[in-house]
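Here the structure is laid out as structure tokens; the discussion comes afterwards.
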There are 2 protein chains.
Amino acid sequence: MTDSVDRILQQWSKARPDLDCSAMGVVGRVGRVSMLWGKQMDAVFEPQGLSRVEFDILATLRRSQVPLTPTELYQTLMLSSGAMSTRIEVLVQRGLIERMASEEDRRSCKVALTEQGVAVLDQALESHLANMDQMLSCLDGDDKTQLAGLLKKILLSSE
Amino acid sequence: MTDSVDRILQQWSKARPDLDCSAMGVVGRVGRVSMLWGKQMDAVFEPQGLSRVEFDILATLRRSQVPLTPTELYQTLMLSSGAMSTRIEVLVQRGLIERMASEEDRRSCKVALTEQGVAVLDQALESHLANMDQMLSCLDGDDKTQLAGLLKKILLSSE
DNA sequence: TATTGTTATACTCTATAACTATA
DNA sequence: TATAGTTATAGAGTATAACAATA
């Protein structure tokens, strides 16, 4: 069987037979899978009115189980402080999170999910998990284990 | 060894032990690898003054070996026609591509690389290939073959 | 009427840096 | 002086829809 990346590799082998483009077989496919899955995830979060970044913020708060500072959030999610402030303000306006003054440091604050924020996140998370299972339904258990292991090898060497 | 996704999974297992988040072990890692590699690729193309989309346009023209219409380009690269027109105009202004009137259909045109466009693309491609090899240097030959195969399985089921 | 490509518009998201208030 | 968080600004990039020319 031939996928879109195979077709690209075939074109390169004709246009530039002198080059070894085999790395594209991995890198190109990671990029393409990520793009397709990304669009699919956007569609999953959209009914809840959430962008992917907004989901990530809520999910980070949910799984940490304790309020986090804006600094912890933007470092975890690799956003600028300004971008995080904007996102936080939007989510506060929607009633999904709330800022709580810090007791130790009066410059700082803690961000926590509201009751409604927990409900929205849990609903989005459920859809997200179901969608991910569906995205992986073409792989058997061994495939998933192998794939996760290979990607982890990459992350361990680059993080 | 523990990577960033393992830590996220550990947090979920404590915060929501009722959920099966195993799919995140694959989907989360694909997203994270793609983001890290994406930033690295942006840095590789930057010295040539190219964005990733611009590189993709030039590379698509190079490997097809024939001039392409704007429609073919935006469908291949999954952009809107308006976005493609803007990109094409920028690349024309930089002297990297040129529009040629179509002979059969006077509404249409063909886009082709200029001599300079070929040179810039070839240089960027060389850097890109070297960078991709480096990104994959943590994997042995079998790993790369397996990884490409698993990702291809996903693409074949979703494209 | 439908299609090709361009243009005009508006929108989303972001990073940067200036700013405030504390430390 | 340095740091936490916010705000103001500007920039990049896009999609959408209106448009002109042609099929």
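In what follows, chains are A, B, ... by sequence order, proteins preceding strands, each numbered from 1.
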Can you give each donor-acceptor pair under 3.5 Å made by side-chain atoms of residues 142-151 of chain A, sequence neighbours left out, with the distance rounded to 0.1 Å?
residue : atom : partner : partner atom : Å
A/D143  : OD2  : A/D140  : N            : 3.3
A/D143  : OD2  : B/K153  : NZ           : 2.7
A/T145  : OG1  : A/G141  : O            : 3.0

A/L79 or B/Y74: which one's nearest nucleotide on DNA chain C is closer to the 5' end?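 With A/L79 and B/Y74 compared, the 5'-side residue is B/Y74.
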What ring-ring contact (aromatic ring centres under 6.0 Å, His included) pairs are there with at least one residue in residues 128-159 of chain A, not counting sequence neighbours?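 Qualifying pairs: A/F45-A/H128, A/F55-A/H128.
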Over 12 foreign heavy atoms within 6.0 Å of CD, B/Q65: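 Yes.
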Considering only heavy atoms from C-beta outward, does the side chain of B/T60 approach that of A/I8 to under 4.5 Å?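 With C-beta onward as the side chain, the pair stays apart.
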Between A/E98 and A/V92, is a side-chain contact (heavy atoms from CB on, under 4.5 Å) present by the stated rule, with each step listed? CA-CA 6 Å; A/E98 58 189 351; A/V92 167; 5.8 Å; no
Any chance you could lay out the side-chain contact (heavy atoms from CB on, under 4.5 Å) test for A/Q40 and B/S158, step after step, and finish with the verdict? CA-CA 11 Å; A/Q40 209 170 321; B/S158 64; 5.8 Å; no
Between the protein and nucleotides 16-23 of chain C, list the N/O to N/O atom pairs that are separated by less than 3.5 angstrom.
residue : atom : partner : partner atom : Å
C/dA23  : OP1  : A/R106  : N            : 2.9

Picking from D/dT6, D/dA4, C/dT6, which would you name as closest to the side chain of A/S85?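 The listed nucleotide nearest to A/S85's side chain is D/dT6.
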Without decimals, in angstroms, what is the distance between B/L77 CG and D/dT14 C1'?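 From B/L77 CG to D/dT14 C1': 14 Å.
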Roughly how many Å is it from CZ in A/R99 to C1' in D/dT6, rounded to a whole number?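 It is 8 Å, rounded to the nearest whole Å.
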Going by distance alone, is a donor N or O of one side chain under 3.5 Å from an acceptor N or O of the other, for A/S108 and A/S102?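 Their side chains do not contain a donor-acceptor pair, so the 3.5 Å distance test is not met.
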Under a plain distance cut-off of 3.5 Å, with no hydrogens placed, do B/R7 and B/T2 share a side-chain donor-acceptor pair?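 Short answer, no.
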Taking side chain to side chain donor-acceptor pair (under 3.5 Å) as the cut-off, I'd like each qualifying pair that reaches into residues 73-88 of chain B, sequence neighbours left out, listed once.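 Listed by first then second residue: B/E54-B/R87.
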How far apart are the C-alpha atoms of A/K110 and A/D105, what are their side-chain angles, what is the distance that settles it, and do they pass the salt bridge (charged side-chain N to carboxylate O under 4.0 Å, His left out) test? CA-CA 10 Å; A/K110 298 278 191 184; A/D105 185 338; over 6 Å; no
Interface with DNA chain D, restricted to residues 35-70 of chain B and to heavy atoms under 4.0 Å: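 B/S51, B/V53 - these, ordered by number, are the residues of the stretch whose heavy atoms sit under 4.0 Å from the strand.
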Nucleic acid contacts of residues 87-94 of chain B, taken as heavy-atom distances under 4.0 Å to DNA chain D: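 Within residues 87-94 of chain B, the residues near DNA chain D are B/R87.
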